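To keep things clear, I will list the structure first and then write my remarks on it.
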Amino acid sequence: MTALRSLLARPLLLLAMCVAGAAAVFLTMRAAPGDPALIVLGEQANPQAVAAYRAANGLDEPVARQFSRWIAGVAHGDFGTSLSVARGQPVAALIRDRLPNTLFIGAYAMVLALAFAFVAGPLAARYRGRSIDVAATSVAVLGISMPDFWLAYVLVFVFALTWQVFPAYGFTPPMDNLLQALHSGFLPALAICAPLAAVFTRILRVALIENQNKDYVRAARSFGFPPRFVFLHYVLRNAMVPFVTILGIQARYLLGGTVVIERVFGIPGLGSLMVDAAFARDYPVVQACALVFLVCILLVNFVVDLLCQALDPRAQGDGTS
């Protein structure tokens, strides 16, 4: 019953965190300098035109009323209309067009990072202290040390300008052509995944080394189980608990990395839209983008919590009281 109550309480907690995050973004945008009316109409606009624009878009209302009206619209799937970036267009349509590109690049980067970690991490743990371990650890330290935007320009110089293997700028949406999306999105995904792969490799290596000498692993070996069976069912499975936890923590970096990389490679994603809207003081677009990012992070952490409970044998052996 305790586990059931905890599971049922999580959606309510997620909803409360979404509302709190939306309020924080809403108030931050209102406190930032700049007036959307002056950005749209120009600095030389007369006061009457500015006042009329603010009244037409509800910008002259009290902040609390603006927030309640926006939250009520979000609850019905209405994020408002763009003020300046795509003037007059529904924000929901902008998100619907841009979100798949951001999710694709993020998922692409995550797959590359996990593929590297699941190869380098076990090898480094198995050959601890040897040349393979030193090489994997050195590459991991190098990956953590490199900023993603700097690495992006290096990748463009090497793979796009010098070798001309991948495009330096531009992106084909996955809904148009999946193969072209994989090709044009490789460099952006590689720039994002490098720090992620480094963190994942180090965490997996440490977790595997710690679990290799546990009592239950020695007991499994004494029973005569094959080494691969012992590794998969006793070492790797228990090492996955801290590893999966790190996945949830790094989700924030993954989304933050897409914001920067989308600007470098000209990807029409949600991150670049949010940056353009922030400079243009397009309140509805920034609020909607930030809310979507927040929901993605909360959902990832929710899934990570469920996976950790499924992988942890102590949770499975717990009572129902």
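Note that the coordinates shown come from a computational prediction; the quantities given were computed from them, not determined experimentally.
- In the model, Gln212 has no side-chain atom that pairs as donor or acceptor with a side-chain atom of Arg128 under 3.5 Å.
- Under a hydrophobic clustering in which Ile, Leu, Val, Met, Phe, Trp and Tyr are joined whenever their side-chain heavy atoms come within less than 4.5 Å, directly or via other members, Leu123 and Phe231 fall into different clusters.
- Expressed to the nearest 0.5 Å, how far SG of Cys193 lies from CZ of Phe186 amounts to 7.5 Å.
- A distance of 14.5 Å separates OH of Tyr169 from CG of Leu187, quoted to the nearest 0.5 Å.
- Taking the side chain as every heavy atom from C-beta outward, Val40 and Arg87 approach each other to under 4.5 Å.
- Under the side chain to side chain donor-acceptor pair (under 3.5 Å) criterion, Ser82 pairs with Asp282, sequence neighbours left out.
- In this structure the side chain of Ile105 reaches within 4.5 angstrom of the side chain of Phe171, judged on heavy atoms.
- Under the 30°/60° scheme for interplanar angles, the aromatic rings of Phe200 and Phe243 are found to stand perpendicular.
- Between Phe225 and Phe229, the angle of the ring planes lies from 30° to 60°, which puts this pair in the tilted group.
- Using a 4.5 Å cut-off between side-chain heavy atoms of Ile, Leu, Val, Met, Phe, Trp and Tyr, with links allowed through other members, Val111 and Leu151 fall into different hydrophobic clusters.
- For the residue pair His183 and Pro167, the shortest heavy atom distance occurs at CE1-CD, 3.6 Å.
- Ring geometry, Trp70 versus Phe67: the interplanar angle falls from 30° to 60°, so the pair is classed tilted.
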